[in-house]
Amino acid sequence: MVTDLPKPTLKVVLCSPRGFCAGVVRAIESVERALAIYGAPVYVRHEIVHNRYVVDSLRAKGAIFVEELSEVPDNKSPVIFSAHGVARAIPEEAAQRNLLTLDATCPLVTKVHREAEIHYRRQREIVLIGHAGHPEVVGTMGQLPLGSITLVESIQHAEKFIPRDENNLAYVTQTTLSVDDTAEIVEVLKRRFPNIVGPHKEDICYATTNRQEAVKRVAPVVDAMIVVGAPNSSNSQRLREVAQRAGCPRAVLMQRAADINWSDFDGVKRLGITAGASAPEVLVEEIMGAFAARFVLDIETVSAIEEGVFFPLPRPLREHEPAE
Ligand code: SF4
């Protein structure tokens with residue numbers, strides 16, 4: 001219905017930083033570079049990052065996404081491991097089959113794998129704070145023999161956990177957790193087991209921390225917050241929870257403009273927008289475009305911190321980098 005009524009004004013507060021982190025950029029570029037070097041198809045074990053738009057775009061360029069190595073044929077096509085990391089058994093199986101592998105595991109996830117290995121070598125029992133079933137958790141637990149790592153998902157778990165030897169304990173964490181929830185779990189573990197060892201704070205990555213910090217600043221001053229991201233993206237889900245806890249009455253996770261349920265935004269005068277680390281800026285723009293069709297947007301950006309993190313591509317891909 002065309003109307004001559006003037007569009008109402010909507011204040012939009014953009015959180016910064018938002019969207020792609022250095023690990024996601026590296027993982028996506030790894031697939032693109034592999035396609036350029038080896039030609040299509042290249043196989044990718046698991047969604048390279050948790051975003052359907054990204055996955056569909058790479059699929060259109062020749063990437064084939066699989067969940068297990070058994071789906072990869074014995075030919076010369078490379079297989080890329082996703083940013084979330086993989087259990088040790090996966091590269092071992094690939095080596096046995098002589099598959100060409102490229103590891104796009106985020107270096108900050110690899111760092112957690114190495115921490116867990118060091119604790120294991122020092123014969124410490126390891127607690128992993130994280131969410132069951134998330135591929136990063138599966139990958140981290142799979143670095144060590146079964147039973148070496150106990151997953152703790154909540155404060156209640158931390159209160160009930162019974163170690164073999166409370167004086168020989170260590171903890172590591174998933175990289176994409178809620179900073180505040182994790183701090184509470186660590187506090188319980190430290191209270192119950194004062195000799196537990198772990199990282200200085202936790203292993204939550206810079207990108208997760210910074211995106212949550214920006215949301216905490218914006219959430220109290222808006223009527224609703226959109227988190228652009230996928231339901232299976234851990235850091236996007238955490239942004240939605242952080243917005244709610246920081247006082248935003250309506251925090252909604254959405255992937256595309258087509259997902260907007262306009263009744264959710266009835267009466268909203270100030271709208272916050274952020275995006276999970278795996279959500280491309282083009283989707284933020286698409287959603288803002290949908291709002292711009294109904295409102296005159298008055299846009300402000302609230303910045304928590306400037307980011308300048310960059311991770312080089314996996315070595316085999318770097319060696320093929322075009323000369324400057
Ligand atoms: S969210 Fe953090 S750990 Fe995950 S890919 Fe990005 S930088 Fe790496």
Side-chain angles (χ1 to χ4, degrees), residues 15-33 44-55 58 65 80-87 102-116 128-131 133-143 171-182 198-215 227-242 253 274-281 283-284 304-314 317:
C15 300
S16 175
R18 62 177 177 279
F20 279 4
C21 60
V24 161
V25 169
R26 175 180 184 266
I28 295 169
E29 282 184 12
S30 294
V31 179
E32 287 174 340
R33 183 66 61 84
V44 185
R45 188 184 175 282
H46 195 67
E47 291 186 345
I48 187 75
V49 300
H50 285 154
N51 187 276
R52 196 194 308 157
Y53 178 90
V54 170
V55 167
L58 293 172
F65 291 88
I80 302 175
F81 301 143
S82 77
H84 315 96
V86 290
L102 299 164
D103 189 0
T105 303
C106 177
L108 300 181
V109 174
T110 304
K111 177 174 152 272
V112 178
H113 292 179
R114 297 292 89 84
E115 279 171 27
L128 168 62
I129 302 171
H131 296 294
H134 188 278
E136 182 186 324
V137 165
V138 174
T140 301
M141 295 190 78
Q143 296 305 305
Y171 73 91
V172 294
T173 80
Q174 193 179 331
T175 57
T176 51
L177 300 176
S178 150
V179 172
D180 295 338
D181 288 353
T182 307
H200 175 55
K201 273 175 80 187
E202 13 67 4
D203 298 300
I204 296 171
C205 74
Y206 81 97
T208 299
T209 306
N210 294 346
R211 280 149 192 70
Q212 288 179 16
E213 184 55 37
V215 164
V227 179
V228 184
N232 60 344
S233 158
S234 171
N235 79 84
S236 303
Q237 288 285 10
R238 301 297 81 79
L239 288 175
R240 190 180 54 78
E241 293 165 5
V242 167
L253 184 69
T274 186
S278 44
E281 185 66 10
L283 299 184
V284 173
I305 192 165
E306 288 289 316
E307 285 181 348
V309 180
F310 164 80
F311 296 135
L313 289 176
L317 297 173

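Every number for a ligand or one of its atoms is a count from 1 in the order of the listing.
Between Arg18 and Glu281, at least one side-chain nitrogen of the basic residue sits less than 4.0 Å from a carboxylate oxygen of the acidic one, meeting the salt-bridge criterion. A salt bridge links Arg238 with Glu241: the closest approach of a Lys/Arg side-chain nitrogen to an acidic carboxylate oxygen falls below 4.0 angstrom.
For atom 2 (Fe) of ligand 1, the count of nearby protein N/O/S atoms, taking only those under 2.8 Å, is 1.
Of the candidates Leu253, Val242, Asn235, Leu253 is the only one forming a side-chain contact (heavy atoms from CB on, under 4.5 Å) with Val227.
Asn51 is not listed as a side-chain neighbour of Ser233, based on a closest heavy-atom distance of 4.5 Å or more.
Of the inter-residue distances, the one linking His50 atom NE2 with Glu136 atom CD reads 10.0 Å to the nearest 0.5 angstrom.
Other residues, nucleotides and ligands place no more than 12 heavy atoms under 6.0 Å from the OH atom of Tyr53.
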